[in-house]
Amino acid sequence: VRTSSKKEFGYAELKIEHSSKIFDGLDADNLDVWMSHGDHVSILPDDFILSASTESAPIAAMEHIDKPYYALQFHPEVTHSDFGEKILQNFTVDICGCSQTYMKLRVSYGTLGNQSLGRTAPDQNISNLSEANAYYPFDGSSASTGAALSAVGNPDLQWETVVSANAGLDFRLMDNKLYGSVDYFNITTNDLIAVDESLIGTTAIDASAPLVNIGQVSNTGIELALNYADATSGGLSYDVGFNLSTYTNTVDSLISAFYVGNSGFRGGAVTRTSPGEPMSYFYGRRVLGLDGSGRFEYEDVNGDGSINDDDRTKIGSPHPDFTFGVNVSLAYKNFDLYAFFAGSVGNDIYHYNKIYTHFPTFFNGNRHEDVLDSWTPSNTDTDFPALSESIRNDETQPNSWFVEDGSYVKLKTLQIGYTLPSSATSKLGISNARIYVAGNNLLTLSKYSGMDPEIGGSPLTLGVDSGAYPQASLTSLGINVTF
């Protein structure tokens, strides 16, 4: 362990020798502590405090000490399931270099299942009474209500297993004004469960497709959280925080060459999942521009001189380069303010809804004002194809024209409050009163042309906007009273 304190003592070296139990699984006995002063070595001075323990008391008790000290704190944790399986291992080491510096090293490993499947009996066929789909006159005259298959089960379905490994560092610096954490994670999902639309034929369109174990997916990434809190001499206190997360999603293996997402879209599925790629990437033809007649010009991906389905390729990804958040807390006298911003950078959105607003999918339907800038012989500097009475050139089939940058920044929360002075509240017979005005989803900054860039989806159909309702913007006024 090497660190420095506010007094220039150089560094401390901890050597674990011999054997004596500090906790079950870690053998240590002799802690030889040395201090280095330039070119010679000596024992630590008497006022230098060292503690090694599995309890939280040593560090907590010494946080108020205004002198250099080291405290090593070990936290082993093992949790077992009801079946005796080891489901979590956790090990952390706390290192305090002085009363103004704190660090904690965390290492964890765990194996978890997935119980959020959205179905109560995914291994069984489910049928429901249905007048719409199972109403039949068996005797030739009076009709009877029967049951229709509503969900196809999979008796071979296995538990999805998530294996998670994490290493992190928590820290406090600059007299606890600067604090935060850094984490590295590696999460592997085995026997990934997803809906397999290919197992449902056109004769069973009223039944949902079965859940199957399709393969293995890995997510590796880094998470960073950083806060700075202080107060000015004028009475303004503040706490500003920033967090950032980035990950790489990779499909390691599948039980088939690829899987498609929701195939219920006009033109078929717009997402595909295949080994070596991220889950649910957008798949279709790549649009190079408009030709001399105002129609889409597609890339000949395989170079055979013709444009067909063999020229489909990866045209975008719903996974961001990184996501982030910024939170600000301010307090001045009786006023306070809290704001939280959230954002995503680098993710794509497939704006499927444009097949209705920009193309004659329904000729008499309403159109977006963008069509006023459609291609004409006198208006060739545009991205919008020529108007027509019907779909031409397969232009509503999955293609890159519908893929847009989904990056955004949102003001998710804003709250401003005022606490009444005690001189006023005491006259009213109350202990404390705070008036506030708050808002949610007040501002969105994005180049995305749809209603809301926050698009979710299922594991195999991520980032497809088929008319998702935008998150509501709310404003409220309130008062908190303590008697």
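Since this is a predicted model, take the numbers as computed values, not measurements. All values below were derived from every heavy atom in this structure, side-chain atoms included, with hydrogens, water molecules and symmetry-related copies excluded.
Between the side chains of Ser142 and Asp139, at least one donor-acceptor pair of N or O atoms lies under 3.5 Å. No side-chain donor from either of Thr444 and Ser446 sits under 3.5 Å from a side-chain acceptor of the other. The closest side-chain donor-acceptor pair between Asn128 and Ser130, if any, does not fall under 3.5 angstrom. Counting only N and O atoms by type, the side chains of Ser473 and Asn441 include no donor and acceptor under 3.5 Å apart. Between Asn249 and Asn219, the side chains place a donor N or O and an acceptor N or O closer than 3.5 Å (distance only, hydrogens not considered). Judged by distance alone, the side chains of Thr382 and Asn379 never bring a donor and an acceptor atom under 3.5 Å apart. Judged by distance alone, the side chains of Asp252 and Ser218 do bring a donor and an acceptor atom under 3.5 Å apart. In this structure, a donor-acceptor pair under 3.5 Å is present between the side chains of Asp465 and Tyr448.
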For this session: Give the intermediate values and the outcome of ring pair (Phe, Tyr, Trp, His ring centres under 6.0 Å) for residues Phe171 and Tyr179.
Result: CA-CA 6 Å; Phe171 58 88; Tyr179 58 96; 8.6 Å; no
Exercise. Does the side-chain hydrogen bond (donor to acceptor under 3.5 Å, both in side chains) test come out yes or no for Tyr332 and Ser237, once each step is laid out?
Worked result: CA-CA 7 Å; Tyr332 180 72; Ser237 60; over 6 Å; no
Problem set entry | Worked check of side-chain hydrogen bond (donor to acceptor under 3.5 Å, both in side chains) between Ser390 and Ser388 | CA-CA 6 Å; Ser390 60; Ser388 59; 5.4 Å; no
For this session: Go through the steps for Arg266 and Ile355 under the test side-chain contact (heavy atoms from CB on, under 4.5 Å), then give the verdict.
Result: CA-CA 9 Å; Arg266 292 176 180 269; Ile355 72 166; 3.9 Å; yes
Do any side-chain atoms of residues 317-328 form donor-acceptor pairs under 3.5 angstrom with protein atoms, and if so which ones, sequence neighbours left out?
residue, atom, partner, partner atom, Å
Ser317, OG, His319, N, 3.2
His319, ND1, Tyr247, OH, 2.9
His319, NE2, Met279, O, 2.9

Ignoring hydrogens and angles, write down the donor-acceptor pairs under 3.5 Å from the side chains of residues 398-409, residues two or more places apart or on other chains.
residue, atom, partner, partner atom, Å
Asn399, OD1, Trp401, N, 2.9
Asn399, ND2, Glu395, O, 3.0
Asn399, ND2, Gln397, O, 2.8
Ser400, OG, Val287, N, 2.7
Trp401, NE1, Asp383, O, 2.9
Glu404, OE1, Ser449, N, 3.0
Glu404, OE1, Ser449, OG, 3.0
Glu404, OE2, His351, ND1, 3.0
Glu404, OE2, Lys354, NZ, 3.0
Glu404, OE2, Ser449, OG, 2.7
Asp405, OD1, Ser407, N, 3.0
Asp405, OD1, Ser407, OG, 2.8
Ser407, OG, Gly346, N, 2.9

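Remark: Asp311 does not engage Arg286 in a salt bridge, criterion side-chain N to carboxylate O under 4.0 Å. We find that Asp452 and Lys410 are joined by a salt bridge, their nearest charged nitrogen and carboxylate oxygen being less than 4.0 Å apart.
The local environment of OH in Tyr184 is crowded, with over 12 non-hydrogen atoms from other residues, nucleotides or ligands closer than 6.0 Å.
Here Tyr136 and Phe138 bring their ring centres to under 6.0 angstrom of each other.
At distances below 3.5 Å, at least one donor-acceptor pair connects side-chain atoms of Asn125 with backbone N or O atoms of Gly153.
Here the straight-line distance linking atom CG of Asp183 with atom CG of Leu169 works out to 8.5 Å at 0.5 Å rounding.
By the 6.0 Å and 45° rule, Arg312 does not stack over the aromatic ring of Tyr283.
In this structure, the side chains of Glu160 and Thr189 come closer than 4.5 Å at one or more pairs of heavy atoms. Residues Tyr238 and Asp230 are in side-chain contact: their nearest non-hydrogen atoms beyond the backbone lie under 4.5 Å apart. Side-chain contact between Thr111 and Val162 is absent, with no heavy-atom pair separated by less than 4.5 Å. Two residues are said to be in side-chain contact when any heavy atoms from C-beta on lie closer than 4.5 Å; Trp159 and Asn114 fail this criterion. With a 4.5 Å cut-off on side-chain heavy atoms, Trp375 and Asp381 do not count as touching.
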